[in-house]
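The structure appears right after this line, and notes come after that.
Atoms within each ligand, like the ligands themselves, are counted from 1 in listed order. Predicted model only: the values in this text are computed from it and were never measured.
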Amino acid sequence: MHLNHKKTDLLKALQGKLPDDAILSTKEDCAPYGGDWTKLKGEPLLVFLPKTTEQVANILKHCNQLKMAVIPSGGRTGLSAGAVVTDHEVVLNLSRMNQISPLDTLGRTVRVQAGAVTEAVHEHCAKDGLFWPIDLASKGTCEIGGNLATNAGGVRVIRYGMARKWVSGLQIVTMNGDIIELNRGLEKNNTGYDLIQLLVGSEGTLAVITEATLKLVRLPQKEKVLLFSLPSLQAISDLFQKARKGPFEILAFEFFSQRCLKAVENKLKRRSKLEKSSEFYVLMEIEMGIGSESENRLEEWLEDVLSADFVVDGLMAQSTAEMKDVWSLREGITESIALTNEVRKYDTSVAVSQVVGFVTAAEKLFYSMNLGCDLYLFGHFGDGSPHLNVVRSDTADHETFIRDCELFEKELYLLIKQWGGSASSEHGVGLLKKSWVELSRTPQEMALFKAIKTAFDPNHLLNPGKIFSL
Ligand code: MLT
Ligand code: ZN
């Protein structure tokens, strides 16, 4: 049946089941929902903005009956094109489902709708001294549903792990319109398969997440933020080794190159307070013990580190405002780079002990290919998650850039395989990494992926073509 006929039939079927303002149908109104931060975009056939789970169920049930494909979306901050429209699909955007319930302080959980913005959840929990420990540069825009659907990582994985560890209940809606409660917030439940863990990271291909029970931790009590300049990747590793033995808990261990720092400084129009610059920088956040004893031990540790020959310079933020300033140098990288030119992102993953060797080999590969692009390196050193960002230089046009990226990535992904890594550490597969999933997955795993997809969504209508093709 022609798409426009299906559109009319769907709108007819949903008449009276959704408020008028929950449906966008003109090209102009729908356009912003066709893409994400990758800047890839398509034209949605329709956009639905439901407020309740029942509305979601109705939309999915009727799309399923009419065999219409649906793309679930939220804050659309994804970097792998997981929420991008490719073939005039219907978009189901959950941003209006943003309710956050009062905390269960005894169980240390909070129930939220999928469209709750991550930072709003943080602010809500902070009033009781609690924290949902997924912390991302995009926290002001990204939403819990997307965080869970992509198993988001961010800057505190070294301390708390990825999003999948911090959820104890999910409400999902399957393509046939069934509303299913998974695990009901139980901390312990050993009765068969863990469907929550199957849903987390499934990138909207199995079912739509409508609500979640999030597990919370105590907010860190006494944090310090430090910034170091270091001459090499090996020096970063040496510092990390010292930090691992330090008298504190590491909350973040992030690195970035001089080129990244320059891009952020240009955007923010202010310089870092380090006196001496170098090839690389590390932002380290730590949680200290209480009392003057632990302050003294930190001072001793810092003196030792600053006198080591592999550290060029270092500082410790002296106030909350300074801590924020240092963090803005790291958190501003993505947007600052995007301002410079077109970007291709490779969120690689290797064992923590292999980061230096792998990144050195990747840099060597990049520069040996004489491409018309620049390489911006940053990421989560302490998680084995370096981000390689290839940026078009002013002298290259768009077509040359895309061709160069394709040449580079073929070699890069082979290198990742050699180093026993993965094509995505935290951004997910979406459309951009589809061709490379099988480098880190076996044929048996891929066959299971496809069988699971078919069990949840037999007509293959939910976020079709993402992660893998059927
Ligand atoms: C980050 O680490 O800041 C995010 O993964 C975003 C990015 O890679 O650009
Ligand atoms: Zn990252």
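Ring geometry for Phe381 against Phe255 counts as perpendicular: the plane angle is over 60°, on a 0 to 90° scale with 30° as the lower cut. Note on ring orientation: taking the six-membered ring where Trp is involved, the planes of Phe240 and Phe253 are tilted (angle from 30° to 60°). Using a 30° and 60° split on the angle between ring planes, Tyr160 and Trp166 fall in the perpendicular class, above 60°. Note on ring orientation: taking the six-membered ring where Trp is involved, the planes of Phe131 and His122 are tilted (angle from 30° to 60°).
In terms of distance to the Zn ion (ligand 2), the nearest N, O or S atom of His380 is named NE2. Its N, O or S atom nearest to the Zn ion (ligand 2) is what matters here, and for His387 that atom is NE2. Note on Glu426: its N/O/S atom closest to the Zn ion (ligand 2) is OE2.
Looking only at atom types and distance, the side chain of Ser385 has no donor-acceptor partner in the side chain of Glu426 under 3.5 Å away.
Not a single N, O or S atom of His427, from either the backbone or the side chain, sits less than 2.8 Å from the Zn ion (ligand 2). Among the atoms of Asp347, no N, O or S atom is found under 2.8 Å from the Zn ion (ligand 2).
For atom 2 (O) of ligand 1, the closest non-hydrogen atom of the protein is Arg330 NH2, 2.7 Å. For atom 7 (C) of ligand 1, the nearest non-hydrogen atom of the protein is Thr334 OG1, 3.3 Å. Atom 5 (O) of ligand 1 has as its closest protein heavy atom His427 NE2, 2.7 Å.
Contact annotation: the side chain of Lys410 approaches that of Trp436 to within less than 4.5 Å [non-hydrogen atoms, C-beta and beyond]. In this structure, the side chains of Leu206 and Leu198 come closer than 4.5 Å at one or more pairs of heavy atoms. Side-chain contact between Leu226 and Leu302: present, with at least one pair of heavy atoms (C-beta onward) separated by less than 4.5 Å. For the pair Glu143 and Thr77, the minimum side-chain heavy-atom distance is 4.5 Å or more.
Near Glu426, meaning under 4.0 Å from one of its heavy atoms, ligand 1 places the atoms 2 (O), 5 (O).
Between Asp347 and ligand 1 there is no heavy-atom distance shorter than 4.0 Å.
At a heavy-atom distance under 4.0 Å, no atom of Leu136 approaches ligand 1. In His380, the part holding a heavy atom less than 4.0 Å from any atom of ligand 1 is the side chain.
Inclusion of His387 in the set of residues having an N or O under 3.5 Å from an N or O of ligand 1 is warranted.
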